[in-house]
Amino acid sequence: MSSSHESVLAQLRPLMFAIAYRMLGSASEAEDIVQEASLRVLAALRGGVRIESPDAYATTVATRLAIDELRSARARREQYVGEWLPEPLVDEPGYGDPADHAETADSVSLALLVVLERLSPEQRAVFLLRDVFDYGYREIAEIVGRREDSVRQLAARARRYVRERRPRFDASPAERDEIARRFFAAAENGDVAALEALLAEGATLHGDGGGQVPALARAIHGQRRVAQTLLAWMRLLARANGRLQRSEVNGQPGALLLDGDARLLGVWSVDIADGRVHTMRSMINPDKLRHLGRRPMPDR
């Protein structure tokens, strides 16, 4: 591979990962897309294909591959044991900051990725390309192989669906981080009253173990039940001589669950609005943590 080709691919990989991850909600599947898309872009460069815009070309390749992958992934997810949650990104996802190539970190939030799961692959692609990556309708039509009027209809339906279900994050980063700090401190201290005070009345707790490790069979609702379940988990973590480590997860507050040797056991994330924690997600399926590495996590 020539140095010029490698330089072009190095610039394109973060963009392709950003698209593929938002399309699939899976870092490992997104990395596979980046690998395949890179090979196709490289073949085009070597073959002398006239590429006016490398970004647009890479976007087209990555999007089409992601649409095909999402169709097959949907069938697998229907057979998934327990609740399916997206694979988390933490401080160092391997392709830059989680919000790279997006307008806001909200575009990669777990809350939005869960909502996007209900869209068709084409709707999801059109919504992301238009509302996150700011492509025009004519460009999107060429990327997904649809007429422009069809793309506009897909975008309108997807935007309406997302608007009705997308959680809002109205706290400032400073307020959000302070609430998260108090929330995780209360969990570590076993303070059920403080936890309940920080949880919204209709708070929900989701868990994803993928059938490989013990996890929630279904979501838990309500301040008291969420607080009690969280404290039960903290007692189990203490028995393993483990601890929580604060971290940003998909652009929102979260924490890493580490064992006594600082190895990653799980990832927690919280959605905060109106000064309370409304949703918490616990990802402990080992397959969904593999992309974060098995090396010990450093203290922060």
Side-chain angles (χ1 to χ4, degrees), residues 14-37 59 62-90 93-133 158 161-162 165-167 169 204 206-212 215-216 219 247-252 254 266-271 279-292:
L15 171 62
M16 292 189 290
F17 181 84
I19 292 169
Y21 177 75
R22 286 162 176 80
M23 279 292 297
L24 300 167
S26 167
S28 56
E29 292 172 357
E31 287 165 355
D32 290 341
I33 293 295
V34 171
Q35 180 67 19
E36 177 61 26
T59 294
T63 299
R64 291 178 179 177
L65 287 171
I67 288 174
D68 290 341
E69 176 62 24
L70 186 55
R71 290 193 182 108
S72 59
R74 287 280 169 84
R76 295 194 300 271
R77 291 171 190 178
E78 288 178 0
Q79 306 300 319
Y80 195 79
V81 178
E83 184 174 8
W84 183 92
L85 293 175
E87 289 182 8
L89 297 181
V90 294
Y95 287 86
D97 184 84
D100 277 353
H101 300 280
E103 294 176 355
T104 67
D106 187 29
S107 75
V108 79
S109 72
L110 294 175
L112 176 60
L113 293 176
V114 169
V115 172
L116 294 180
E117 276 297 298
R118 307 301 298 177
L119 299 178
S120 72
E122 290 79 9
Q123 281 181 317
R124 187 165 180 163
V126 169
F127 173 81
L128 289 170
L129 291 172
R130 179 63 188 140
D131 287 33
V132 174
F133 295 95
Y161 181 90
V162 171
R165 293 162 179 81
R166 184 180 200 168
F169 303 112
T204 302
H206 300 272
D208 181 348
Q212 300 196 51
L216 299 177
S247 178
E248 186 172 272
V249 178
N250 287 67
Q252 300 298 324
V267 176
W268 288 351
S269 73
V270 292
D271 295 345
T279 305
M280 177 173 166
R281 297 178 182 86
S282 171
M283 288 72 69
I284 57 175
N285 180 346
D287 289 343
K288 294 192 175 183
L289 305 177
R290 190 168 291 119
H291 67 284
L292 299 177

Let me confirm one number: the [atom1]-[atom2] distance from [X] to [Y], rounded to the nearest 0.5 Å.
| X | Y | atom1 | atom2 | answer |
| --- | --- | --- | --- | --- |
| R76 | Y80 | CZ | OH | 12.0 Å |
| F133 | R22 | CZ | CZ | 4.5 Å |
| E78 | W84 | CD | CH2 | 13.0 Å |
| E36 | D68 | CD | CG | 10.5 Å |
| S247 | L89 | OG | CG | 10.5 Å |
| I33 | L70 | CD1 | CG | 9.5 Å |

Between [X] and [Y], does any side-chain N to carboxylate O distance fall below 4.0 Å?
| X | Y | value |
| --- | --- | --- |
| E83 | R77 | no |
| E69 | R64 | no |
| R165 | E117 | no |
| D208 | R281 | no |

Would you indicate whether R118, at its atom CZ, is surrounded by more than 12 heavy atoms from other residues, nucleotides or ligands within a distance under 6.0 Å?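 Open: at most 12 neighbouring heavy atoms sit under 6.0 Å from CZ of R118.
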Any side-chain heavy-atom pair from [X] and [Y] closer than 4.5 angstrom?
| X | Y | result |
| --- | --- | --- |
| Q252 | S269 | no |
| L129 | T59 | yes |
| V270 | T279 | no |
| D271 | L110 | no |
| N250 | V90 | no |
| M23 | L128 | yes |

Could you tell me which non-hydrogen atom of [X] sits nearest to which non-hydrogen atom of [Y], and how far apart they are?
| X | Y | answer |
| --- | --- | --- |
| Q123 | A158 | O-CB, 4.0 Å |
| T204 | A219 | CG2-CB, 3.9 Å |
| Y161 | V115 | CE2-O, 3.7 Å |
| P86 | M283 | O-CG, 3.8 Å |
| L216 | H206 | CD1-C, 4.0 Å |
| V81 | G211 | CG1-CA, 3.7 Å |

Answer yes or no: is there a donor N or O on one side and an acceptor on the other, between the side chain of R124 and the main chain of L119, under 3.5 Å?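 No: the side chain of R124 does not pair with the backbone of L119.
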Within the side chain of K288, is there an N or O that forms a donor-acceptor pair under 3.5 Å with the backbone of G210? no
Side chains of Q212 and D287: do they bring a donor and an acceptor to under 3.5 Å? yes
Start with the C-alpha distance between S26 and E87, add both sets of side-chain angles, then the distance that settles side-chain hydrogen bond (donor to acceptor under 3.5 Å, both in side chains), and finish with yes or no. CA-CA 5 Å; S26 167; E87 289 182 8; 3.2 Å; yes
